Amino acid sequence: MIRGSVNLMRHPSITVVLIDDAGRDRWTEAYLDTGFTGELTLSRAMIDQLGLVPSGRFNRYRVGTGVTETFNSYQGAIHWRNELRMIEILEAEVTPLVGIGLLWGNNLSVDFQSGGDVAITELPDC
């Protein structure tokens, strides 16, 4: 189970454990965004700190303003439910976002109140 909380700005968030190019764990807070169908966004500074290499792919997503934007894509490694997982990371200058791509196959429970509990549990047969 992955646990987190709802912060004072009313964002459900969790700590994501990323792996840098030297194999070291790096922690960052990420907001859960069920309107984002990708896996994870990170800022350019964080991508550089991790030593990620561009995948050569570009992805188009419609953002909250309704505009479709193109994002640079990187392959990265994270610890997810006690397993090493390779994921696609999009470069975006926002607070890191965890999207449906990572949440797929899980149950998300959020107590929407300050300090409320966030729990992500694996669904059976996924």
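Just so it is clear, the structure is predicted and the values come from calculations on it, not from any experiment.
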task = Please confirm whether the backbone N or O of Ala45 pairs with a side-chain atom of Asp48, one donor and one acceptor, at under 3.5 Å?
result = no

**Message:** Show, in sequence, the C-alpha distance, side-chain angles and deciding distance for Ile100 and Thr34, and conclude whether the side-chain contact (heavy atoms from CB on, under 4.5 Å) test is met.
**Reply:** CA-CA 6 Å; Ile100 296 299; Thr34 59; 4.0 Å; yes

Which of Arg24, His79, Met86 passes side-chain contact (heavy atoms from CB on, under 4.5 Å) with Ile19? Answer is His79

Given the options Ile47, Leu50, Asp25, Leu18 meets side-chain contact (heavy atoms from CB on, under 4.5 Å) only with Leu50

Classify the side-chain pair Arg44/Asn72 by whether it contains a donor and acceptor separated by less than 3.5 Å. no

(Q) Can a side-chain donor-acceptor contact be found between Ser73 and Glu88 if the only test is distance below 3.5 angstrom? (A) yes

Report the distance from atom [atom1] of [X] to atom [atom2] of [Y], rounding to the nearest 0.5 Å.
| X | Y | atom1 | atom2 | result |
| --- | --- | --- | --- | --- |
| Ile120 | Trp80 | CD1 | CH2 | 4.5 Å |
| Arg3 | Asp117 | CZ | CG | 4.0 Å |
| Ser13 | Asp33 | OG | CG | 12.5 Å |

Beyond-backbone contact of Val6 with Asp111, side-chain heavy atoms, under 4.5 angstrom
no

| message | Quick check: do Val53 and Tyr74 have side-chain heavy atoms less than 4.5 Å from each other? | response | no

Shortest non-hydrogen pair, Met1 vs Ala119, comes out as SD-CB, 4.0 Å

For Thr41 and Val94 the tightest heavy-atom approach is OG1-CG2, 4.0 Å

